[in-house]
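Heads up, the thing below is written out as structure tokens.
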Amino acid sequence: MRLTRYFLPVLKETPAEAQIVSHRLMLRAGMIKQASAGIYSWLPMGFKVLRKLENIIHQEQIRAGHIPIQMPIIQSADLWRESGRYDAYGAEMLRIKDRHDRDVLFTPTAEELVTDIFRSHVGSYKDLPLTLYQIQWKFRDEVRPRFGVMRGREFYMKDGYNFDLTKEDALHAYNRHLVSYLRTYERMGLQAIPMRADSGPIGGDDTHEFLVLAETGESEVFYDSQVTDLTFGDRDIDYDDRAQCQAVLDEFTSLYARTDETHDEALFNAIPADRRRVARGIEVGQIFYFGTKYSESMGATVADAQGNNVPVHMGSHGIGVSRLIGAIIEASHDENGIIWPEGVTPFHCGIVNLKQGDAEADAACDAIYKSLTALGLEPLYDDRNERAGGKFATMDLIGLPWRITVGPRGLKNGVVELTSRRTGESQELPPEQAVAKIHEIYQNL
RNA sequence: CGGGCUAUAGCGCAGUCUGGUAGCGCGUCCGUCUGGGGGACGGGAGGUCGUAGGUUCGAAUCCUGCUAGCCCGACCA
């Protein structure tokens, strides 16, 4: 993409309404525009990142054997009365009347709807296990939205629901979700620590929240420092292998790691003092096993092998997609702007032409642009007639992980500059080698 | 939902106390010179001062209602 043909409304100054760094940077980098309190339009670059996260989530969910669907955002109140949550949910649920004066609502979550789909079409244990998920806009009418997309009212969320014959099967589904979430967050360049959590209004027995450590996190967290040494890496996983999935869960949840909701001072103090950590975290996902809570109230049963109708065991599992963008920026930025991890960056690299209009510099930039594009990479070429300082400032702000700087001075020696946004380190090398290097970086991702 | 604050050009702000020609910086548009970390000079465009009413010869400024947004708390993915 050529910057002169793109829509990237960057701001030099910070809008007054933004307090925390991710909100400020998202506004300044032209990713979002507030439409009203807690509701945002996603401008091209923000939308691009959102799509990248979504793609990673889809890939990892499908890899785990889970099946994508899409459910409506406006739902009838009837189903919610059936589960008893229409009255239980409270003012956070946005209730609307349609033209026939029927009660409808903007979905805050979809247990009722997915359970209705299930009970309409599934009747036998032979159809299990089944996990359906969607990535869809949700609405929770927060009393006080804040922190930009991290605590909006409208938010984009992956929500998945497993249906299993037995508790053991459902716990395996729970473990599958934990494993797939670990992989998902790592691909996004994030460390998200599973912590024992409280089940809240969704209800249930087993639940873990995934937290990204950040000073601006809304939750206070307590953990054993060894937990941050754990990485999933590129290990092979067989999602049908129960023992293997269980082993991953054990590995990642045995060390002490809890939010303030479930914090246990005595257990925490049993950790060697030098490993005790108290910090703040941003919740970016949560997994639940809640058994037959909805299947019983809504009659979601299957015939088991003996021909008895039994309620299915369920769980639900969420990833806050839009808030993840805020979390990634909170975890990865400096005083000049965002630093995108390679896995989620809106463009793979920036090309800065230091002297727009100079025949040689223009030609070299065009050639680099074409080479990168031919390799399947997406560069952002700053071809504006701006001075170098302005172009560098924009690139730093929007945070592309790699930058190729092209100027007449370097071209005289046959070189361009390749710079890492994260480390600031630069190397001079011929244009073809810079292209090859970028290609290599993304191939190894 | 309790407490506090704000609303003036695209963004950041001054002007309000003490009523009298609506300003500054950045951005933006045109031109010239520039050209390796937000450059210089010259010339433009852009605001019914959130909204409705009131006081007054006269209201961005004083008074009242309303709306929107922000911060702290309670709540929450």
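Remember, it's a predicted structure, so these values are computed and weren't measured experimentally. So that the names make sense, note that chain A is the first sequence line, chain B the second, and so on, each numbered from 1. Values below: every heavy atom of this structure, side chains too, minus hydrogens, waters and symmetry copies.
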Atom-pair distance (NZ on A:Lys138; C1' on B:C76), nearest Å: 16 Å

B/S/- contact track for nucleotides 34-42 of chain B, protein heavy atom under 4.0 Å: BBBBBB---

Pairing of A:Asp103 and A:Lys97 as salt bridge, 4.0 angstrom limit: yes

A:Thr228-A:Arg277 side chain donor-acceptor pair, cut-off 3.5 Å: no

Listed once per pair and sorted, the side chain to side chain donor-acceptor pair (under 3.5 Å) pairs that draw on residues 406-417 of chain A, sequence neighbours left out: none

Can you give the donor-acceptor pairs under 3.5 Å from side chains of residues 68-75 of chain A to other protein atoms, not counting sequence neighbours?
from: A:Gln70; atom 1: NE2; to: A:Ile135; atom 2: O; distance (Å): 3.0
from: A:Gln75; atom 1: OE1; to: A:Trp80; atom 2: NE1; distance (Å): 2.9
from: A:Gln75; atom 1: NE2; to: A:Pro72; atom 2: O; distance (Å): 3.4
from: A:Gln75; atom 1: NE2; to: A:Thr107; atom 2: OG1; distance (Å): 3.3

A:Tyr181 OH to B:A77 P, straight-line distance once rounded to whole Å: 14 Å

Nucleotide opposite B:G19 in a Watson-Crick or G-U pair, distances under 3.5 Å: none

Minimum-distance nucleotide to A:Arg144 side chain [options: B:C11, B:C76, B:C72]: B:C72

B:C62: pairing nucleotide in any strand, Watson-Crick or G-U under 3.5 angstrom: B:G54

Residue pairs passing the ring pair (Phe, Tyr, Trp, His ring centres under 6.0 Å) test where at least one lies in residues 381-411 of chain A, sequence neighbours excluded: none

Side chain to side chain contact (heavy atoms under 4.5 Å, CB included) between A:Ser180 and A:Tyr239, worked out: CA-CA 9 Å; A:Ser180 68; A:Tyr239 281 104; 3.5 Å; yes

Watson-Crick or G-U wobble mate for B:C49, both contacts under 3.5 Å: none

Integer-rounded Å distance: B:G10 P and A:Glu17 CD: 15 Å

Touch class at under 4.0 angstrom, heavy-atom based, for A:Ala16 against every strand present: sugar-phosphate

Rounded distance in Å - CE (A:Met157) to P (B:A77): 9 Å

Between B:A77 (P) and A:Glu330 (CD): distance, integer Å: 19 Å

Span that lies between the C1' atom of B:G53 and that of B:U67, in whole angstrom: 14 Å

Under 3.5 Å donor-acceptor pair, A:Arg151 side-chain atoms to B:C75 base atoms: yes

Counter-base of B:C41, judged by Watson-Crick or G-U geometry with both distances under 3.5 Å: B:G31

Residue matched to B:C11 through Watson-Crick or wobble contacts both under 3.5 angstrom: B:G25

For atom CD1 of A:Ile325 and atom C1' of B:A77, their distance in whole Å: 15 Å

Nearest-angstrom distance from the residue atom CD of A:Gln19 to P of B:U6: 15 Å

A:Arg280 and A:Asp260 ion-paired at < 4.0 Å: no

B:U21 and B:U64, which share atom name P, separated by this distance in whole Å: 25 Å

Donor-acceptor pair between A:Gln59 and A:Asn55 side chains, under 3.5 angstrom: no

Pairing residues for A:Phe347 by the ring pair (Phe, Tyr, Trp, His ring centres under 6.0 Å) criterion, not counting sequence neighbours: A:Tyr6

Euclidean distance for C1', B:A59 against B:G15 (whole angstrom): 14 Å

Sub-4.0 Å heavy-atom contacts from residues 36-72 of chain A onto RNA chain B, ordered by number: A:Ser36, A:Ala37

Audit row: A:Arg176, A:His66, side-chain hydrogen bond (donor to acceptor under 3.5 Å, both in side chains) steps and yes/no: CA-CA 10 Å; A:Arg176 274 201 319 272; A:His66 305 157; 3.0 Å; yes

Nearest-nucleotide 5' precedence on RNA chain B, A:Glu92 against A:Glu13: A:Glu13

A:Gln34 vs B:C70: side-chain N/O to OP1/OP2 distance below 4.0 Å: yes

Integer angstrom distance from the C1' of B:C11 to that of B:G38: 15 Å

Rounded P spacing from B:A68 to B:A52 in Å: 16 Å

Between A:Arg119 and A:Tyr294: side-chain donor-acceptor atoms closer than 3.5 Å: no

Atom-pair distance (CG on A:Leu27; C1' on B:G69), nearest Å: 13 Å

Euclidean distance for P, B:G36 against B:A45 (whole angstrom): 33 Å

Pairwise P distance, B:G65 and B:C24 [rounded to whole Å]: 35 Å

Inter-nucleotide C1' distance (B:A60, B:A14), Å rounded: 12 Å

Under 3.5 Å on both distances, the Watson-Crick or G-U partner of B:G69: B:C5

